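A short write-up of the structure that comes next.
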Amino acid sequence: MRLNRILLSIALVVVALVIQVSVLARLHLPGAVPDLLLLTVLGLAMVYGHVGGALVGFGAGLLADLAPPADHAAGRYALVLCVIGYFAGLVKPENGRLKSATGPMAVVVAAAVGSTLLYAGVGALVGDTAARHVGLPGLLFSAALYDLLLAPFVVPGIMWLARRSDNDPLAETSPAAKAGDISSGWLSSGTGLSVGGRRRLGTLKAKARTRSTRVGRIKGVKRL
């Protein structure tokens with residue numbers, strides 16, 4: 001990952017974790033707790049791809065495992081978010097822009113259900129049976145509902161910040177990244193496309209003049 005991606009991911013993950021622990025966890029909502037950290041990982045993964053999503057998810061999950069008041073084994077949530085970030089990055093479009101909100105909302109619901117099931121499954125392997133006492137169906141429904149209601153206010157902003165950091169002119173970009181940024185950069189500014197059109201128009205005019213000159217010379221030779 002590039003340096004700008006790392007710095008942005010660290011800042012967003014830390015802010016999300018602070019809000020998660022200090023605000024959302026104290027709302028005492030029935031069932032699960034709205035997972036702002038999960039939504040942050042999803043937003044970054046759908047811009048950075050599956051590799052970046054897995055790395056961000058692992059780092060965010062490990063930070064959540066070590067931050068108080070964590071009461072579970074370290075590495076448990078890191079594994080969950082690493083897997084979720086990887087699969088969420090697989091739905092990243094080639095041009096970096098999503099055509100509708102249906103795809104991200106489906107990803108949010110699938111991630112909320114999948115992370116809850118995976119977290120409960122890993123807990124069952126290490127002897128944590130808290131999900132059985134609370135009720136797994138209620139946790140799945142509440143987790144999907146809360147994350148789906150919170151996603152429109154979080155995921156688009158995260159994705160916009162991630163794209164904006166990638167469009168930094170000082171950052172080194174690969175040819176694939178440049179090709180993906182052409183549509184967003186040109187369509188937003190409106191200058192690249194017009195400059196390209198003028199250059200092509202000038203090239204066509206020059207070719208036309210050259211052809212007409214050659215035709216005139218040939219006709220002149222024939223007249224002589």
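Keep in mind that what you see is a predicted model, and the values were worked out from it rather than measured. One is the number of the first residue; the rest follow in order along the sequence. Side-chain atoms are counted along with the backbone in the values below, which use heavy atoms only and exclude waters and symmetry mates.
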Find the distance between [atom1] ([X]) and [atom2] ([Y]) and round it off to the nearest 0.5 Å.
X: Y119; Y: S115; atom1: OH; atom2: OG; result: 10.5 Å
X: M159; Y: Y48; atom1: CE; atom2: OH; result: 11.0 Å
X: L36; Y: L17; atom1: CG; atom2: CG; result: 9.0 Å
X: Q20; Y: L38; atom1: CD; atom2: CG; result: 9.0 Å
X: I158; Y: L8; atom1: CD1; atom2: CG; result: 7.5 Å
X: L55; Y: H50; atom1: CG; atom2: NE2; result: 10.0 Å

Side chain of [X], backbone of [Y]: donor and acceptor closer than 3.5 Å?
X: D65; Y: G75; result: yes
X: K92; Y: V47; result: yes
X: N4; Y: S165; result: yes
X: D147; Y: D35; result: yes
X: S142; Y: A32; result: yes

Minimum heavy-atom distance between [X] and [Y], given as atom pair plus value:
X: L139; Y: G31; value: CD2-C, 4.0 Å
X: L81; Y: G57; value: CB-O, 3.1 Å
X: A88; Y: V107; value: CB-CG1, 4.3 Å
X: A144; Y: A112; value: CA-CB, 3.8 Å
X: G114; Y: I84; value: C-CD1, 4.2 Å
X: V155; Y: L39; value: CG2-O, 4.0 Å

Quick check: is [Y] connected to [X] through a chain of hydrophobic side chains (ILVMFWY, heavy atoms under 4.5 Å apart)?
X: I10; Y: L161; value: yes
X: L42; Y: V91; value: yes
X: V154; Y: V15; value: yes
X: F58; Y: L44; value: no
X: L63; Y: I6; value: yes

Hey, does [Y] have a side-chain heavy atom less than 4.5 Å from the side chain of [X]?
X: Y146; Y: L150; answer: no
X: V21; Y: R26; answer: no
X: V83; Y: L79; answer: yes

Looking at L148, L149, L29, which one forms a side-chain contact (heavy atoms from CB on, under 4.5 Å) with P34?
L29
